[in-house]
Participant: 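Attaching a single structure in structure tokens format; questions to follow.
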Number of protein chains: 2
Amino acid sequence: MEEQNVIRSLSALAQEIRLRVFRALVVAGPDGVTPGALGEALGVAPTTLSFHLKELSHAGLIVPTRDGRHLIYRADYAQMNALLGYLTENCCRGAPCAEPVAPVCKTC
Amino acid sequence: MEEQNVIRSLSALAQEIRLRVFRALVVAGPDGVTPGALGEALGVAPTTLSFHLKELSHAGLIVPTRDGRHLIYRADYAQMNALLGYLTENCCRGAPCAEPVAPVCKTC
DNA sequence: TCCATAGTTCAATAATACTTGAATTATAAA
DNA sequence: TTTATAATTCAAGTATTATTGAACTATGGA
């Protein structure tokens, strides 16, 4: 993963609304969620939500697909994994860590 | 981990200099690095570096300790783990993920 | 004590990011 | 074809974040 993409992804997640949106999509999994449902659940105005969805999309963290007059947004797990991996790369120069870095997803 | 702390941590990492600083500290491990050495390695002015070190410290991602007239900064692995875990919490509602979320640190 | 070194804090400027209403695009149903 | 619904884009004002030089604090050595 490129540094600029990492920064873009971290910036995308470093905002209350976008963090909540992303986590909601991570929880929803393969089903995804529409902007309407997200806006309803999170109490965010359509214009504002759209702006934030675009930020997350540009970062590659979420992906929209169209279904009739709805859009469905889904988390991109590969992108998330790449991001998490980047932060711990070459951790402790390959030595076993004093405080080991744990697997992030207990159910996988 | 509290949402506000998560956002603060992500904001802290979502900046070129701070991301490089943090990764340098992750690689350095328990030895840590001084601001002087970081500034030298990354080509950053002392004032600017100090500002960014404070941002990372406030987020709890790095911790300074004094050693004579030097400060030594170290990554806080527990905070990093908590952050990474937060992003994948309740992933796919506990179902096995379509695209599994991998352990982030191969050497641990 | 006096000076040099290691870092930080402060204040001002410069640059980015967030929100909102109005207008727009795309699809579906009457 | 006309109307309604779902969502986005645009432009503006507002707010937050980054950089820099000058001044300051703390430690160690001459």
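Throughout, protein chains are lettered first and strands after them, A, B, ... in sequence-line order, and every chain is numbered starting at 1.
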Participant: Which residue pairs pass the salt bridge (charged side-chain N to carboxylate O under 4.0 Å, His left out) test with at least one member in residues 19-36 of chain A, sequence neighbours excluded?
Facilitator: A:Glu16-A:Arg20, A:Arg20-B:Glu3, A:Arg23-B:Glu89, A:Asp31-B:Arg93

Participant: Quick one: pull up CG in A:Leu84 and CG in B:Asn81 and give me the separation to the nearest 0.5 Å.
Facilitator: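 Reported value, rounded in 0.5 Å steps: 11.0 Å.
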
Participant: Is the shortest side-chain heavy-atom distance between B:Leu38 and B:Val44 below 4.5 Å?
Facilitator: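 No, side chains not in contact.
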
Participant: Between B:Phe22 and B:Leu42, is there shared hydrophobic-cluster membership here, with clusters defined by ILVMFWY side-chain heavy atoms closer than 4.5 Å?
Facilitator: yes

Participant: Can you check whether A:His70 has a side-chain N or O nearer than 4.0 Å to OP1 or OP2 of C:dT27?
Facilitator: no

Participant: Could you give the side-chain donor-acceptor pairs of residues 46-64 of chain B under 3.5 Å, partners two or more places apart or in another chain?
Facilitator:
residue : atom : partner : partner atom : Å
B:His52 : ND1  : B:Arg18 : NH1          : 3.0
B:Ser57 : OG   : B:Leu53 : O            : 2.8

Participant: Give the residues of residues 57-67 of chain A touching DNA chain C, defined as any heavy atom closer than 4.0 Å, sorted by residue number.
Facilitator: A:Arg66

Participant: Let me know, please, whether A:Arg69 or B:Thr34 comes out on the 5' side of the other along DNA chain C by nearest nucleotide.
Facilitator: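 Mapping each residue to its closest nucleotide by heavy atoms, the 5'-most match is B:Thr34.
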
Participant: Can you check the B:Lys54 NZ to D:dT19 P distance for me, whole Å?
Facilitator: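 In whole Å, D:dT19 P and B:Lys54 NZ are 14 Å from each other.
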
Participant: Should B:Val21 and A:Ile7 be counted in the same cluster of Ile, Leu, Val, Met, Phe, Trp and Tyr side chains packed under 4.5 Å apart?
Facilitator: yes

Participant: For the pair made of CD in A:Glu16 and C1' in D:dT16, what is the distance, rounded to whole Å?
Facilitator: 15 Å

Participant: Rounded to whole angstrom units, what separation is found between the CD1 atom of A:Ile7 and the P atom of D:dA18?
Facilitator: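 Going from CD1 in A:Ile7 over to P in D:dA18 covers 11 Å.
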
Participant: Below the 4.0 Å mark, does D:dT8 have OP1 or OP2 next to a side-chain nitrogen or oxygen of A:Tyr73?
Facilitator: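 Yes, within the criterion.
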
Participant: Treating A:Thr88 as the side-chain partner and A:Cys91 as the backbone partner, does any N or O pair qualify as donor plus acceptor under 3.5 Å?
Facilitator: no

Participant: Reading nucleotides 15-24 of chain C from the 5' end, what letters show protein touch, with B for base, S for backbone sugar-phosphate only, - for no heavy atom under 4.0 Å?
Facilitator: ---SBBBB--

Participant: Which pairs pass salt bridge (charged side-chain N to carboxylate O under 4.0 Å, His left out) with one or both residues in residues 59-68 of chain A, sequence neighbours excluded?
Facilitator: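 For residues 59-68 of chain A, and leaving out neighbouring residues, there are no salt bridge (charged side-chain N to carboxylate O under 4.0 Å, His left out) pairs at all.
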
Participant: Tell me: CD1 of B:Ile72 to C1' of D:dT27, nearest whole Å?
Facilitator: 14 Å

Participant: For the pair B:Tyr77 (side chain) and B:Val26 (backbone), establish whether a donor and an acceptor sit closer than 3.5 Å, ignoring hydrogens and angles.
Facilitator: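 Side chain of B:Tyr77 to backbone of B:Val26, a donor-acceptor pair under 3.5 Å: yes, one is there.
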
Participant: Within the 4.5 Å heavy-atom criterion, are A:Val6 and B:Leu19 side-chain neighbours or not?
Facilitator: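 Answer yes - side chains close enough.
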
Participant: Between P on D:dT16 and CZ on B:Arg8, what's the gap in Å once rounded to a whole number?
Facilitator: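 Rounded to whole Å, this separation is 13 Å.
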
Participant: Using a 4.0 Å heavy-atom cut-off across all strands, classify A:Pro46 as base, sugar-phosphate, or nothing.
Facilitator: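 Touches a base.
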
Participant: Starting at CG of B:Leu71 and ending at P of D:dT25, how long is that distance when rounded to a whole Å?
Facilitator: 16 Å

Participant: Using five base pairs at each end to define the local axes, how bent is the helix from C:dT1-D:dA30 to C:dA30-D:dT1, to the nearest 10°?
Facilitator: 20°

Participant: Between B:Gln15 (side chain only) and B:Ile17 (backbone N and O only), is there a donor and an acceptor less than 3.5 Å apart?
Facilitator: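 Such a contact is found between B:Gln15 side chain and B:Ile17 backbone.
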
